[in-house]
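Here the structure comes first, spelled out in structure tokens, and everything after it is commentary.
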Amino acid sequence: MGKLPSAVLFCCDHNAVRSPMAEGMMKQFYGQDVYVQSAGVKNDMEIDGFSIAVCAEIGVELARHRSRSFEEMQQWGDDLGQYDLIVALSPASQRMALELTRTHHVEVEYWPILDPTGLGETRDAKLSAYRQARDQIRDRITARFGPPA
């Protein structure tokens with residue numbers, strides 16, 4: 001368990017499923033103690049409805065999340081060097097984070113989190129896959145940063 005960073009960025013492929021879940025949980029668990037954002041390699045999807053649903057089950061609100069890419073972050077003046085930690089939740093986002101931070105002193109961690117988007121045939125099976133991804137993220141967050149206050 002490490003100390004709580006002052007700023008953390010979660011990233012995945014589209015900023016529509018895993019990284020918004022991680023951002024929402026981190027904000028819920030640690031409140032104002034840490035600045036938290038999320039981004040994707042691409043911004044070609046809106047927040048996923050199943051992500052909204054499974055996070056609502058644990059009191060984390062995602063419906064207002066707006067997906068954004070690394071490129072948009074930089075266009076809007078968000079400097080990746082301001083983060084103490086970038087947590088990549090997909091291989092593509094890990095590669096992008098390492099490439100974009102090679103001139104910054106930023107720690108990049110890779111957490112292999114299940115991509116639930118193609119799993120399950122029925123609504124219940126899909127929700128189960130999304131819950132599994134949510135729970136993996138929650139468990140990694142609390143193992144890395146300690147139990148929520």
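Here, residue 1 is the first one in the sequence, and each next residue gets the next number.
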Between [X] and [Y], is there shared hydrophobic-cluster membership here, with clusters defined by ILVMFWY side-chain heavy atoms closer than 4.5 Å?
{"X": "L98", "Y": "L9", "result": "yes"}
{"X": "V36", "Y": "M73", "result": "no"}
{"X": "F145", "Y": "Y35", "result": "no"}
{"X": "W111", "Y": "V106", "result": "no"}

Does some side-chain heavy atom of [Y] sit less than 4.5 Å from a side-chain heavy atom of [X]?
{"X": "P112", "Y": "Y110", "answer": "yes"}
{"X": "L100", "Y": "Q74", "answer": "yes"}
{"X": "P116", "Y": "V17", "answer": "yes"}
{"X": "F29", "Y": "R138", "answer": "yes"}
{"X": "T101", "Y": "V108", "answer": "yes"}
{"X": "R144", "Y": "V87", "answer": "no"}
{"X": "N15", "Y": "S69", "answer": "no"}

Out of curiosity, [X] [atom1] to [Y] [atom2], how far, rounded to the nearest 0.5 Å?
{"X": "R18", "Y": "D48", "atom1": "CZ", "atom2": "CG", "result": "11.0 Å"}
{"X": "R68", "Y": "Q37", "atom1": "CZ", "atom2": "CD", "result": "4.5 Å"}
{"X": "M25", "Y": "Y30", "atom1": "CE", "atom2": "OH", "result": "11.0 Å"}
{"X": "R134", "Y": "L127", "atom1": "CZ", "atom2": "CG", "result": "9.5 Å"}
{"X": "S6", "Y": "Q82", "atom1": "OG", "atom2": "CD", "result": "9.0 Å"}
{"X": "S51", "Y": "L62", "atom1": "OG", "atom2": "CG", "result": "7.0 Å"}

Where at least one partner belongs to [range], residue pairs that pass salt bridge (Lys or Arg N to Asp or Glu O under 4.0 Å), sequence neighbours excluded:
{"range": "residues 118-132", "answer": "E57-R131"}
{"range": "residues 83-95", "answer": "none"}
{"range": "residues 26-38", "answer": "E23-K27"}

What residues, two or more places apart in sequence or in another chain, satisfy side-chain contact (heavy atoms from CB on, under 4.5 Å) together with [X]?
{"X": "A63", "answer": "I52, E61"}
{"X": "Q75", "answer": "E71, E72"}
{"X": "A16", "answer": "H14, M45, S67"}

Donor-acceptor pair, [X] side chain versus [Y] backbone, under 3.5 Å?
{"X": "S90", "Y": "S93", "answer": "yes"}
{"X": "S19", "Y": "S38", "answer": "no"}
{"X": "R102", "Y": "E99", "answer": "yes"}

To which residues is L114 joined in a hydrophobic cluster, defined by side-chain heavy-atom contacts under 4.5 Å among Ile, Leu, Val, Met, Phe, Trp and Tyr, whether direct or through other members?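 Result for L114 is L119.
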So the ring pair (Phe, Tyr, Trp, His ring centres under 6.0 Å) pairs with at least one residue in residues 54-74 (sequence neighbours excluded) are none
Considering all heavy atoms, the nearest [X]-[Y] contact:
{"X": "C11", "Y": "I86", "answer": "SG-CG2, 3.8 Å"}
{"X": "I113", "Y": "A133", "answer": "CG2-O, 4.0 Å"}
{"X": "P148", "Y": "T142", "answer": "CD-CG2, 4.0 Å"}

Run the salt bridge (Lys or Arg N to Asp or Glu O under 4.0 Å) test against [X] and tell me which residues pass, sequence neighbours left out.
{"X": "E46", "answer": "none"}
{"X": "R66", "answer": "none"}
{"X": "D139", "answer": "none"}

Could you check V60 against M26 for side chain to side chain contact (heavy atoms under 4.5 Å, CB included), going step by step and ending with a plain yes or no? CA-CA 10 Å; V60 174; M26 191 80 178; over 6 Å; no
List for me each residue that meets ring-ring contact (aromatic ring centres under 6.0 Å, His included) alongside F50, sequence neighbours excluded, and say none if there are none.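 Y130.
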